[in-house]
Amino acid sequence: MENNNLVSEKIRNIAIIAHVDHGKTTLVDQLLKQSGTLKEADQTDRVMDSNDLERERGITILAKNTGIVIDGYQINIVDTPGHADFGGEVERTLQMVEGFLLLVDAAEGVLPGTRFVLSKALALKLKPIVMINKIDRKDADIDKTENAIHDLFLELASCESQLEFPILYGSSRNGFATDDKDKKSDNMQPLFDTVIKNVPAPVAKKDSLQLLVTSLDNSDFLGLIAIGRVFSGKITLGQDFICCKDDYVGKPSKITKIYKFVGLNKVEVQEANFGEIVAVTGFNELVSIGTTLCNVDNPLPHDYVKVDEPTLTVYMSVNDSPFSGREGKLLTSRQIKDRLEKELKTNVALRVEPTDRPEVFKVSGRGQLHLGILVENMRREGFELQLSAPEVIYKTINGSKYEPIEYLVLDIDESHQGVVMENLGKRKAEMKNMINYGNGRIRLEFEVPSRGLLGFRSQFLTDTRGTGVAGYSFHGYQPYKGDIPTRNKGAIVAMEPGRTTGFALDNLQARGILFVGPAQDVYEGMIVGESSRENDMDVNPSKGKKLTNMRASGSDDSIKLQPPRIMDLEVCMEWIRPDELIEVTPVSIRLRKKYLKPFERKKNG
């Protein structure tokens, strides 16, 4: 039965969206602190970034929700990732809210992540609020940033009502917001008032229960925990319910726990009404994201947003190198398969497919960072595995081959413009915009194939002497652009097992860049460096100095070795060719040839 009159006047649901590092999580800290939700003992920087990798990298990877109570209103806040690789997290959580707060850095302005998250929010017809953040920066240009935001809304808005939105000015770090950039403030009250005034209160469209699951958690004691929003009806402790999704209707289960989010804690409650964001337990079957919990006698699945398709694939396999089992505990294909299946339950943008070999899995994701974070988490859990070179996912549209395109924005010094554009030209990039700031720096905007960005980051940092800033987001599919040259340097490959010696490495460092130092174990077929020439080079890094009774002038000079290049996981994924693999263990990341023996490489080359 339809019922459009029920409104939860005292609830507001809002998502905070922005490009990477524009201050979302720091803003949530201030909102929790100034609303009195967070006790002083709990007040640390970026309290919402609970994952170790999030704290190390300073980025949000998983969308999380919290709740604050102020002026009698319950404001449920969702903190979302800003990187386009974690767009699946943004898409699934935006379904829970009626409005969003777009944060834009006053100095950096509109970047690819801003465009990406805003397009997703506007597509769902959510009510916008804009805050220009970090206005206390010395290089802040508030007027220019405000004009760029209006231009972006004009480009992305689907109706006129989305062009009317309040703009606030403030600083997440210093904890203030104001609706007038010339008027000072010392707190976040203007932001609280704007959210309460502008974000619509939740409206129930049905009389019967609809709780849409947008996130999953697990407990050793309670089992599966589903987190979602009650769109209509009421859910109570001990109530019978069924799970529905598309045409599927499950068997009845009983609610055993209901939790609301207050600050960093889950608070147990007896019931939850429409408009509230809650966590519930009591499932006797597996539940996926996008499932609706309904009354037993009235299955009413709620619409859910389909997540964008993956754009990049790697093949993940059991580690079969000679060093297999030395450093990890989880080695078998069954353990890797179970871990990937567990990840699929919560990582909505990931796809895992079997291959014709039982020990190899095809894993597809949104980008290099998305897949890299998964592998980094697995290695920290004790897994050993191997990764192939990333491949982009092509589509056939109307009989033609299409490939994924990224929108790339670069901020660089004018003096580096020529070398950067030359590099991107080889990668089939098309320039779309150029802005000269007049202070020696320029902004360049390109559409570039996703495969053109593989290996781009390290070259870009070299070309700009570490001063360039790059950001990109998925832009869509376009016709195949043609061949793009890959790495033009060969690999230095160990020709026999052993332990590296300073004497051997001293002779090798003139022939390329080394990835290993002295006294490191190597095996036949392991890559120990990058050659200065195009072809691979088989060498013996374990060769010792021949001892004699004779002394010769100059032969006993001390060896001076350059420090080896540190190859972390993301750099390795950019660097390798299709005939090479990355060996990932809890302790080490090594590079190797797919075929370890030289005659095998020639035979399969």
Side-chain angles (χ1 to χ4, degrees), residues 14 16-24 26-27 30 82 99-119 121-122 126-157 160-195 197-199 407-414 417 431-446 467-473:
I14 187 166
I16 300 180
I17 61 174
H19 183 75
V20 183
D21 204 30
H22 277 199
K24 297 180 298 298
T26 309
L27 177 66
Q30 289 291 345
F100 66 91
L101 174 63
L102 176 69
L103 277 190
V104 183
D105 189 309
E108 294 183 4
V110 171
L111 288 173
T114 317
R115 173 189 296 272
F116 175 79
V117 293
L118 181 61
S119 66
L122 293 178
L126 302 180
K127 186 72 176 173
I129 297 172
V130 172
M131 177 168 162
I132 298 177
N133 195 24
K134 305 185 185 182
I135 63 169
D136 52 335
R137 281 180 60 163
K138 288 181 181 176
D139 55 347
D141 191 335
I142 299 171
D143 293 334
K144 189 186 79 178
T145 301
E146 193 170 331
N147 289 334
I149 292 168
H150 282 293
D151 290 345
L152 187 63
F153 269 87
L154 273 170
E155 183 183 337
L156 298 177
E160 281 189 26
S161 62
Q162 291 179 332
L163 298 176
E164 297 173 10
F165 49 86
I167 297 184
L168 298 168
Y169 312 87
S171 167
S172 299
R173 190 178 62 182
N174 294 325
F176 73 86
T178 175
D179 54 8
D180 183 349
K181 61 190 172 191
D182 299 319
K183 194 167 67 179
K184 289 294 178 188
S185 164
D186 58 0
N187 59 45
M188 285 288 178
Q189 192 60 42
L191 177 55
F192 291 129
D193 295 340
T194 305
V195 169
K197 180 182 174 184
N198 289 277
V199 175
Y407 197 84
L408 175 69
V409 176
L410 308 176
D411 279 346
I412 59 172
D413 287 337
E414 274 186 280
Q417 181 182 351
M431 184 188 280
K432 293 297 175 182
N433 196 13
M434 175 177 168
I435 303 167
N436 193 322
Y437 292 136
N439 59 358
R441 288 186 72 82
I442 57 172
R443 173 171 290 188
L444 304 174
E445 299 180 14
F446 296 89
T467 62
V469 178
Y472 59 89
S473 65

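Throughout, numbering of the chain's residues begins at 1 and tracks the sequence.
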Open item on the list: Can you tell me which residue among Leu152, Ile167, Asn133, Ile149 is in a side chain to side chain contact (heavy atoms under 4.5 Å, CB included) with Val104?
Closed with: Ile149
Open item on the list: Any donor-acceptor pair under 3.5 Å linking the side-chain atoms of Asn187 with those of Gln30?
Closed with: no
Task: Least distance between heavy atoms, Leu118 atom then Phe153 atom - done: CD1-CZ, 3.7 Å
- [ ] State, with a plain yes or no, whether a side-chain heavy atom of Glu445 is found less than 4.5 Å away from one of Leu408.
- [x] no
Task: Min side-chain heavy-atom separation Val199-Ile129 under 4.5 Å - done: yes
TODO: Could you tell me whether the side chain of Ser171 and the main chain of Lys134 form a donor-acceptor pair under 3.5 Å?
DONE: no
TODO: Measure the shortest side-chain to side-chain distance between Glu146 and Tyr169 over non-hydrogen atoms and say whether it is less than 4.5 angstrom.
DONE: yes
Task: Nearest heavy-atom neighbours spanning Phe165 and Pro128 - done: CB-O, 3.5 Å
Open item on the list: Tell me the closest heavy-atom pair linking Glu108 and Asp105, and the distance in Å.
Closed with: N-OD1, 3.2 Å
- [ ] Considering non-hydrogen atoms only, spot the tightest contact between Ala107 and Asp139 and give its length.
- [x] CB-OD1, 3.5 Å
Open item on the list: What I want to find out is whether Arg115 reaches Glu155 closely enough, with some N-O distance under 4.0 Å, to be called a salt bridge.
Closed with: yes
Open item on the list: Counting neighbours of CZ on Arg443 that are heavy atoms of other residues, nucleotides or ligands and sit closer than 6.0 Å, is the number greater than 12?
Closed with: yes
Open item on the list: Please check this pair: side chain of Thr145 against backbone of Ala106, looking for a donor-acceptor N/O pair closer than 3.5 Å.
Closed with: yes
Task: Test item: Ser185 side-chain N/O and Ala177 main-chain N/O as donor-acceptor pair under 3.5 Å - done: yes
Task: Expected output: side-chain Gln162 to main-chain Leu122 donor-acceptor under 3.5 Å - done: yes
- [ ] Return the minimal non-hydrogen interatomic distance between Leu103 and Ser172, and the atom names on each side.
- [x] CD1-OG, 4.3 Å
TODO: Working to the nearest 0.5 Å, report the span between CG of Asn147 and CG of Asp141.
DONE: 9.0 Å
TODO: Identify the heavy atoms of Lys183 and Thr178 that sit nearest to each other, and give their distance.
DONE: O-OG1, 3.1 Å
Task: Partners passing side-chain contact (heavy atoms from CB on, under 4.5 Å) against Lys197 (at least two apart in sequence or in another chain) - done: none
Task: Sub-4.5 Å side-chain heavy-atom contact between Leu163 and His150 - done: no
- [ ] Can you measure from CG (Asp413) to CD (Gln417) and round to the nearest 0.5 angstrom?
- [x] 11.0 Å
- [ ] Evaluate the side-chain proximity of Ile17 to Leu101: yes if any heavy-atom separation is below 4.5 Å, no if none is.
- [x] no
Task: From Ile142 atom CD1 to Ile132 atom CD1, the distance as rounded to the nearest 0.5 Å - done: 6.5 Å
TODO: Would you check if Met131 and Leu102 make a side-chain contact, meaning some heavy-atom pair closer than 4.5 Å?
DONE: no
Task: Met188 CE to Asn174 CG distance, which is reported to the nearest 0.5 Å - done: 9.0 Å
- [ ] Would you indicate whether the side-chain heavy atoms of Lys127 and Phe100 approach each other to under 4.5 Å?
- [x] no
Open item on the list: What I'd like to find out is whether the side chain of Ile412 reaches to under 4.5 Å of the side chain of Leu444, using heavy atoms alone.
Closed with: yes
